[in-house]
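Quick notes on the structure that follows.
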There are 2 protein chains.
Amino acid sequence: MDEAQVETVRRFNRTVTARVGVLHERYLGRDRPVGQARLLWELGAQGRDVRRLREQLGLDSGYLSRLLRALEADGLVSVRRHPADGRVRTVRLTEAGFAERAVLDARSDELAASLLAPLRAAQRARLVAAMTEVERLLTATTVTVDVTDPDDPDARRCLGSYYAELRERFETGFDPARSLLPDVGDLRAPRGLFLVARLHGEALACAGLKLSPGTAAAQIKRMWVAPHARGLGLGRRLLAELEARAAEHGREVLRLDTNKALAEAIGLYRAAGFQQVPAFNDEPYAHLWFEKRIAAAAQRPEAEPEADR
Amino acid sequence: MDEAQVETVRRFNRTVTARVGVLHERYLGRDRPVGQARLLWELGAQGRDVRRLREQLGLDSGYLSRLLRALEADGLVSVRRHPADGRVRTVRLTEAGFAERAVLDARSDELAASLLAPLRAAQRARLVAAMTEVERLLTATTVTVDVTDPDDPDARRCLGSYYAELRERFETGFDPARSLLPDVGDLRAPRGLFLVARLHGEALACAGLKLSPGTAAAQIKRMWVAPHARGLGLGRRLLAELEARAAEHGREVLRLDTNKALAEAIGLYRAAGFQQVPAFNDEPYAHLWFEKRIAAAAQRPEAEPEADR
DNA sequence: CGACTTCTCTGACTAGAGTCAGAGATATGG
DNA sequence: CCATATCTCTGACTCTAGTCAGAGAAGTCG
């Protein structure tokens, strides 16, 4: 990235935090501490476990407890014990809580409207379009990609959604036990690895890499991106990450098989430089096979994020 | 504006305050209270009067005083009495202060880079472009337009710059005393009005309206936009505002005269719906005359900001 | 000169945000 | 069933941001 880009981002940060950030806090916390307001905001229609709230908002347990009690005292939330686990407590908005949330909502609308109001229709449309773009890309930069054990709950959730989607989209249905990789346990060191992409703690995408011993090829398996997270470039990012990891392990070729029903994925593979090749395995669910030569590297390169993350 | 637009702005606000705002504060205040950091940041290369700082940052005088003393104790700023006015104190960064500022600068770069890092080159370029657009338009929404006495210092500053620019751009030079409006004092109630557009207290643009009695036409005079503020749509906004004010006063026609050297202004007038007409006065500096029929209105309409601000 | 204003500083507060160290209740694994 | 881990809550703090009411020094105007 060049200096001019960094400079633009800096200017953006200043302008936006000054104009939006400050107002946002002020609107939100007009007659309620910002901490409480944020909490109300975060509480959805159904109840939430305190534990999850804490983790999601990154709050100290003591602090959160106090915030909850303040809201409870105002009659905005009710806190009950979790039906299954008595240690856990579940928070839920009361009627009054919903009303208060609606007030915050209205204020948020008001702030948004005040930003748009001084503009002419054409400028407004441009601003909204640019905001959409910024938000989309900023969301993309917030996603983290980490090596995760395939037995981790997040990993399991991704795989579950993946299988469900395949079941629905493949003409023949899908049963992982009948596939060439019945046990995802193979996707952990030293025979492989498994990546999970997360946004604010929510798992959005996954991808596995199989590093069979004694071959120069690494194989991509179980790659999936949550439907609502498509279009953020996550697929490409996972591919780039896998490529870098494979290179670290001295592999020279990256391979994968796929099903003809997965049109977007196939497009992604081609765009990322994969070439179609004859079948290199007898995966029953595969119709197409791809591979890509990669630059082996002992150390991970730094300059380009394709390899960097 | 429609609901979808408001919704987009809201989503933008949430994402951006969460991602940029919080980080911004955290980076900035990593080992220094945010208040102090903001102050360091705001202190330019030359010294600043405490009075101006207070006004610019909107701080309580006691609070600012304490912040300054904290920075002084750390040897980052020096505070001396103003040479001309012993009540006023002037703050200036010390060597160590500049070093500390450089650290903040570096962090800001770091934050910017961290936002860009996970993206591919193409995405980066798109993000930067969208940010530029958002920043530009958000700046535009922050500009306020108010009726101001033509003798107000801001108004005088604008007019001064305006005259200077005309002197330079007109083939014949420019002397306000030789023009048809030698005294801007006419541009105040009840015979007229004068608008000044300001951003963070800095005057950026102005425009006058002459409401000669006994005629159905109002006349626009002394319209100017600071060179560095062009492209924000301020000219259009001022025109719209004047049009609304003229309508409020029951006028049915808006008129203006202009010089052929002012190409951008002429373009603006045409784009805003003005038609060229034969000379309606004998302004020595005018080459072109324009007018526009406007809808008279006792009350100011609300729906469109063209008339709203 | 004297009254009034302007500007900065000090002292005395308040409130919010957040941290840390347990205590107590409830699960879980051997 | 016991030891250990997990989860929430309480009490006791700290820090920062910010407000308010003057005091005192320095200018300004009649």
Side-chain angles (χ1 to χ4, degrees), chain A residues 17-18 21-43 47-74 77-92 153, chain B residues 17-18 21-43 47-74 77-92 153:
Chain A
T17 54
V22 174
L23 278 184
H24 186 69
E25 295 233 320
R26 210 152 284 176
Y27 268 75
L28 217 58
R30 204 144 62 188
D31 37 29
R32 182 168 298 288
V34 186
Q36 287 182 31
R38 224 165 56 207
L39 205 51
L40 272 180
W41 193 268
E42 209 66 31
L43 280 167
R48 287 251 183 133
D49 295 356
V50 169
R51 171 180 51 175
R52 264 202 66 199
L53 270 178
R54 199 171 48 226
E55 169 179 310
Q56 210 160 7
L57 296 175
L59 299 177
D60 174 83
S61 75
Y63 181 35
L64 177 56
S65 181
R66 244 174 283 270
L67 286 177
L68 285 174
R69 231 158 331 105
L71 292 178
E72 221 177 355
D74 288 356
V77 304
S78 68
V79 183
R80 291 186 214 139
R81 52 172 288 172
H82 191 284
D85 185 339
R87 294 168 302 183
V88 179
R89 308 202 68 194
T90 318
V91 194
R92 146 192 320 272
Chain B
T17 54
V22 174
L23 278 183
H24 186 69
E25 295 234 319
R26 209 152 286 174
Y27 268 76
L28 217 59
R30 202 142 62 188
D31 38 29
R32 185 168 297 288
V34 186
Q36 287 181 33
R38 224 165 56 205
L39 205 50
L40 273 180
W41 193 269
E42 211 66 31
L43 280 167
R48 287 252 183 131
D49 296 355
V50 169
R51 171 179 52 175
R52 262 201 69 199
L53 270 178
R54 200 171 48 224
E55 172 178 308
Q56 211 160 5
L57 296 174
L59 299 176
D60 173 83
S61 74
Y63 181 35
L64 176 56
S65 181
R66 243 173 284 269
L67 286 176
L68 285 174
R69 230 157 333 103
L71 291 177
E72 220 177 356
D74 288 356
V77 303
S78 68
V79 183
R80 290 185 214 140
R81 52 172 287 172
H82 191 284
D85 184 340
R87 294 168 304 180
V88 178
R89 310 201 67 192
T90 318
V91 193
R92 145 190 321 271

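In what follows, every chain begins at residue 1, and chains take the letters A, B, ... in the order their sequences are listed.
Proximity of R89(A) to the phosphate of dC9(D): a side-chain N or O atom is located under 4.0 Å from OP1 or OP2.
Listed in residue order, the members of residues 49-70 of chain B having a heavy atom less than 4.0 Å from DNA chain D are D60(B), Y63(B), R66(B).
Atoms CZ and CG, on R69(B) and D74(B) in that order, are 12.5 Å from each other to the nearest 0.5 Å. Rounded to the nearest 0.5 angstrom, R66(B) CZ and L71(B) CG are separated by 13.5 Å. In this structure, the separation between CG on L59(B) and CD on E42(B) is 9.5 Å, given to the nearest 0.5 Å.
Regarding L71(B), its CG atom lies at a distance of 12 Å from the P atom of dT16(D), rounded to whole Å. Atom pair D85(A):CG and dG29(C):P shows a separation of 12 Å (rounding to whole Å applied). The CZ atom of R48(B) sits 17 Å away from the P atom of dC7(C) (whole-angstrom rounding). When the C1' atom of dA26(D) is taken as reference, atom CZ of R81(B) falls 8 Å away, rounded to whole Å. The CD atom of Q36(B) sits 8 Å away from the P atom of dT16(D) (whole-angstrom rounding).
Considering only the side chain of V88(A), dT8(D) comes nearest among dG27(D), dT8(D), dT8(C).
Of the residues near DNA chain C, T90(B) and R87(A), the one whose nearest nucleotide (by heavy atom distance) lies more toward the 5' end is T90(B).
Of all non-hydrogen atoms in V77(A) and E72(A), the two that sit nearest each other are O-CG, 3.5 Å.
Residues L53(A) and L43(A) form a side-chain contact, since some pair of their non-hydrogen atoms from C-beta on lies under 4.5 Å apart. By the 4.5 Å heavy-atom criterion applied to side chains, V88(A) and R52(A) are not counted as neighbours.
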